[in-house]
Each structure stands twice: as C-alpha cells, then as structure tokens.
Trainee: 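Provided herewith is a single structure, encoded as structure tokens, for subsequent inquiry.
Chain identifiers are assigned alphabetically (A, B, ...) following the order of the sequence lines, protein sequences preceding nucleic acid strands; residue numbering begins at 1 within each chain. Just so it is clear, the structure is predicted and the values come from calculations on it, not from any experiment.
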There are 2 protein chains.
Amino acid sequence: MRVTHQKVMIYKSLLGSQDHPSPEQIYEKLKNAVHGLSLDTVYRTLSAFQKIGLIDLVEGYGTARRFDPMLKKHHHFRCRKCGTIIDFTSEYYDKIAVPKDIARNCENIKLQVKIEGLCKKCLNKKITTKKHIKNN
Amino acid sequence: MRVTHQKVMIYKSLLGSQDHPSPEQIYEKLKNAVHGLSLDTVYRTLSAFQKIGLIDLVEGYGTARRFDPMLKKHHHFRCRKCGTIIDFTSEYYDKIAVPKDIARNCENIKLQVKIEGLCKKCLNKKITTKKHIKNN
DNA sequence: ATAAGTGCAAAACATTTGCAATATA
DNA sequence: TATATTGCAAATGTTTTGCACTTAT
C-alpha cells in the first residue's frame, strides 16, 4: 500500500477523534486541509485500512439495517466474511455485570456479548482454497 | 397501533427467520404473499416495531458506517438515543472466555462487550423534559 | 516507468417523506 | 366515521464504480 498524502491525513484524523466518525464526517473535517480531497477517496481509504486491520468497522457492517425478533437475553456471533449473525444463549454471559459508573448514569441498560470470527462454512472454504493452491 | 394485514405478515416473517433480515429481504419474501405490499411499508413497520420494543435493531443503527482507530482490546457503550459510542477498557471483561464450541470452529476470534443505554447527556435531557411537562 | 491511488461524475443502493386513497377501530 | 396506515413516487442520503489523470515507488 502506497503512502499518500490523503491516506496520512485520513489516518491522523482518525487517531485524533474519539467519536467513531463516519466517512462523511472525516471528509468534512479534512476537505479544507487537503486540497481537492474527494469523498470517495475517504471511502476507499477507510475500506483499505479496514482490510489490513489498521482500523475497525464499528457499525453498519453490511449496507442495510438488520433486525432481530429474538427478545430473550442472548448474544451474537458474527462471521467476519459472510456477515451471518448467529444468536446464542449463555448463562455465563448473562451474569456479566455492567460497570458501576455506567450503571449509575443510565436506566434500561442492556449488555450483550459480540463475538466475531469465521463461521464453519467460511473456515471450510478457506481450507479448500489453500488445498487448491497446494495442488497447483 | 392498529393491527393490519401487512404488520401481521411482517411480524410472522420475522419470527420465522433466523437470519436477522434486512427490510429488503423481508419485502422480497412477502411481496408475492401480500398483494401490493410496498418496501416503504416494511421500513415503517420495522421502525414502529422497534420503537415499541417488539424487535431489535442489530446492525446499522445510524445511516452511515462508523470506524474505530482503537485497536487495543476494548468495549463499547452506545447511547440508544443520540447514538454516541464510547470506548472503555475493562480487565474484567477482557477475561471473558469464548465458548468452546465457537472457539473450536474459528480462528482469529474477537470478543467484545456491547452495552446499550442512555448516556449522561440524554438522561439529563429526559429529566428536563419531564420537569417541563410537570410545570405546565 | 509502472502501477496503485486519486478526483470527478454517474450509477447503484438504502432510507425517508408528502400526499391521496384505504382500511382499522 | 375518524384517523392511523398504506402505496406510490419523488427526494434524500450512502456507497460503489468507470475512467482518465496523477503520484509514490
């Protein structure tokens, strides 16, 4: 990956912000400082940073919203590759306490554990691919 | 809230699905069964269901994606009202184990605790509003 | 020099809104 | 009957893409 002026500025802006900015917010912050910066460069750069693990995507993994009719306390496993979200229950996780300083300020608090990794399917696909490469 | 044919069908569709569907997916599943159903009704209905707590929004809380430059293990508090996401660290949370049956199938697993509630600001606003109503 | 990266403009996709018609309570 | 809800169409917002140009390596 080449080190361009745009990439440096975008990364610096990210490091200096505590608010988990959106592409648009980063663009607005930088457009005066980086002459001729375009919004799609911000998109492409963030996407590239995420791919190499320099930043994390926090919200809106896919393009669309997704809904869950399961109201019982439960937790989520999310596949990093295919995006599948699997509900699971866990008595152990249900007992995890909310930190006092957060609980003090809030009402109607919900705590959920989110695990991210590769699901069985995608893991198998990956292994298959490796084998395939070996055989060539 | 009135019980309409569309709402009943959308709710049934949600209950019958394990895949945390998007508005579009629900619309595609139902459009043949529910004559003349429109996508914006699905949007409005899901939004209404969420407002009364009948379903949960799992992904894409805001409209845009949001990124996090913090790569150290940390956890998230998210305000249900203003959408602010606050990072926090916790040695206690960092020790939470991944269930064996999930760990067995996956590599490069990440576990994060997500707490949802009202932040200080929004909680104060809420109290102010109540006072205001009282005074009228 | 050669590709990767950029800016622009347009396309594609996701979500919201105004309004007249419809159906629930 | 009164009004919340709907369908339609148009507006708004978000993300992706093709292409010619630029720039880091």
Side-chain angles (χ1 to χ4, degrees), chain A residues 1-14 17 19-68 80-83 85, chain B residues 1-14 17 19-68 80-83 85:
Chain A
M1 186 159 96
R2 292 184 182 172
V3 178
T4 65
H5 182 50
Q6 291 88 337
K7 281 190 184 129
V8 171
M9 294 300 278
I10 289 170
Y11 188 56
K12 272 191 188 170
S13 169
L14 272 164
S17 66
D19 56 345
H20 309 81
S22 67
E24 182 74 36
Q25 285 173 321
I26 293 170
Y27 173 69
E28 287 301 324
K29 250 195 258 181
L30 287 180
K31 67 177 179 186
N32 292 323
V34 183
H35 176 71
L37 178 68
S38 72
L39 180 56
D40 59 64
T41 295
V42 177
Y43 271 99
R44 279 191 267 228
T45 302
L46 291 172
S47 179
F49 284 174
Q50 193 207 340
K51 207 163 282 167
I52 62 168
L54 194 62
I55 61 174
D56 271 342
L57 178 51
V58 168
E59 247 184 41
Y61 292 84
T63 29
R65 295 186 185 165
R66 292 169 63 180
F67 293 87
D68 192 349
R80 229 191 293 279
K81 198 168 177 191
C82 67
I85 295 171
Chain B
M1 188 162 96
R2 291 188 180 168
V3 178
T4 65
H5 182 50
Q6 290 89 336
K7 280 188 185 131
V8 171
M9 294 300 279
I10 289 170
Y11 187 56
K12 272 191 188 171
S13 169
L14 272 164
S17 66
D19 55 347
H20 309 80
S22 67
E24 182 73 37
Q25 285 173 320
I26 292 171
Y27 173 69
E28 286 303 322
K29 247 194 261 180
L30 286 180
K31 68 177 180 184
N32 292 322
V34 183
H35 176 69
L37 179 69
S38 72
L39 180 56
D40 59 64
T41 294
V42 177
Y43 272 98
R44 280 192 266 230
T45 302
L46 291 173
S47 179
F49 284 173
Q50 193 207 340
K51 207 163 283 165
I52 61 167
L54 195 62
I55 60 175
D56 272 342
L57 179 50
V58 169
E59 247 185 43
Y61 293 85
T63 30
R65 294 184 186 169
R66 292 170 64 180
F67 293 88
D68 192 349
R80 229 192 294 276
K81 199 170 177 188
C82 67
I85 294 171

Trainee: Between C1' on C/dA14 and OH on B/Tyr61, what's the gap in Å once rounded to a whole number?
Mentor: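 From B/Tyr61 OH to C/dA14 C1': 18 Å.
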
Trainee: When you measure from every atom of DNA chain C, which of residues 24-34 of chain A have a heavy atom less than 4.0 Å away?
Mentor: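 Of all residues in residues 24-34 of chain A, none places a heavy atom under 4.0 Å from DNA chain C.
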
Trainee: May I ask you to decide if B/Gly60's main-chain N or O and A/Arg65's side chain share a donor-acceptor pair within less than 3.5 Å?
Mentor: yes

Trainee: Considering just the side-chain nitrogens and oxygens of B/Ser38, establish if one lies under 4.0 Å of OP1 or OP2 belonging to D/dT6.
Mentor: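 So the side-chain polar atoms of B/Ser38 never come under 4.0 Å of the phosphate oxygens OP1 or OP2 of D/dT6.
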
Trainee: Nearest 0.5 Å, please: how far is CD1 in A/Ile10 from OG1 in A/Thr45?
Mentor: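 One finds 3.5 Å between OG1 of A/Thr45 and CD1 of A/Ile10.
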
Trainee: Which is true for A/Arg44 with a 4.0 Å heavy-atom rule: it touches a base, it touches only sugar-phosphate, or it touches nothing?
Mentor: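 Answer is base: heavy atoms of A/Arg44 come under 4.0 Å of a base.
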
Trainee: Rounded to the nearest 0.5 Å, how far apart are CG of A/Leu14 and NZ of A/Lys29?
Mentor: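 With rounding to 0.5 Å, CG (A/Leu14) is 8.0 Å from NZ (A/Lys29).
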
Trainee: Specify the residue among A/Gly62 and B/His35 whose closest nucleotide of DNA chain D lies further upstream toward the 5′ end.
Mentor: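 Counting from the 5' end, the first nearest nucleotide belongs to B/His35.
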
Trainee: Report the distance from atom CD of B/Gln6 to atom P of D/dA4, rounded to the nearest whole Å.
Mentor: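 Between P of D/dA4 and CD of B/Gln6: 17 Å.
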
Trainee: Between B/Tyr43 and A/Val42, name the one whose nearest nucleotide on DNA chain C is closer to the 5' end.
Mentor: A/Val42

Trainee: Take atom CD1 of A/Ile52 and atom P of C/dG5, then tell me their distance rounded to the nearest Å.
Mentor: 10 Å

Trainee: Roughly how many Å is it from CZ in B/Arg65 to C1' in C/dC13, rounded to a whole number?
Mentor: 11 Å

Trainee: Grab the NZ-C1' distance between A/Lys7 and C/dG7 for me, whole Å please.
Mentor: 14 Å

Trainee: Is there a donor-acceptor pair under 3.5 Å between the side chain of A/Arg66 and the backbone N or O of B/Glu59?
Mentor: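 Not confirmed, A/Arg66 side chain does not pair with B/Glu59 backbone.
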
Trainee: I need the CG-P distance between A/Asp40 and D/dC19, as an integer number of Å.
Mentor: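 After rounding, the gap between these two atoms is 15 Å.
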
Trainee: Testing the basics here: between B/Ser38 and B/Tyr27, what is the closest heavy-atom pair and its distance to 0.1 Å?
Mentor: C-CE1, 3.7 Å

Trainee: What's the separation between atom OH in B/Tyr11 and atom CD1 in B/Ile26, rounded to the nearest 0.5 Å?
Mentor: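 The distance works out to 12.0 Å.
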
Trainee: Using a cut-off of strictly less than 4.0 Å, decide whether B/Thr4 has a side-chain nitrogen or oxygen near OP1 or OP2 of D/dT6.
Mentor: yes

Trainee: Nearest whole Å is fine: how far is D/dT5 C1' from B/Leu46 CG?
Mentor: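 Whole-Å distance recorded here is 15 Å.
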
Trainee: Quick check on DNA chain C: between A/Ala64 and B/Val3, whose nearest nucleotide comes earlier from the 5' end?
Mentor: A/Ala64

Trainee: Below 4.5 Å, heavy atoms only, C-beta onward: do B/Tyr61 and B/Arg80 meet side chain to side chain?
Mentor: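 Answer no - side chains too far apart.
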
Trainee: Would you say a side-chain N or O of B/Thr63 is under 4.0 Å from OP1 or OP2 of D/dT14?
Mentor: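 Yes, because at least one side-chain N or O of B/Thr63 sits under 4.0 Å from OP1 or OP2 of D/dT14.
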
Trainee: Can you tell me the distance, in whole Å, between the CG atom of A/Leu39 and the P atom of D/dT17?
Mentor: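 Nearest whole value for this atom pair: 15 Å.
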
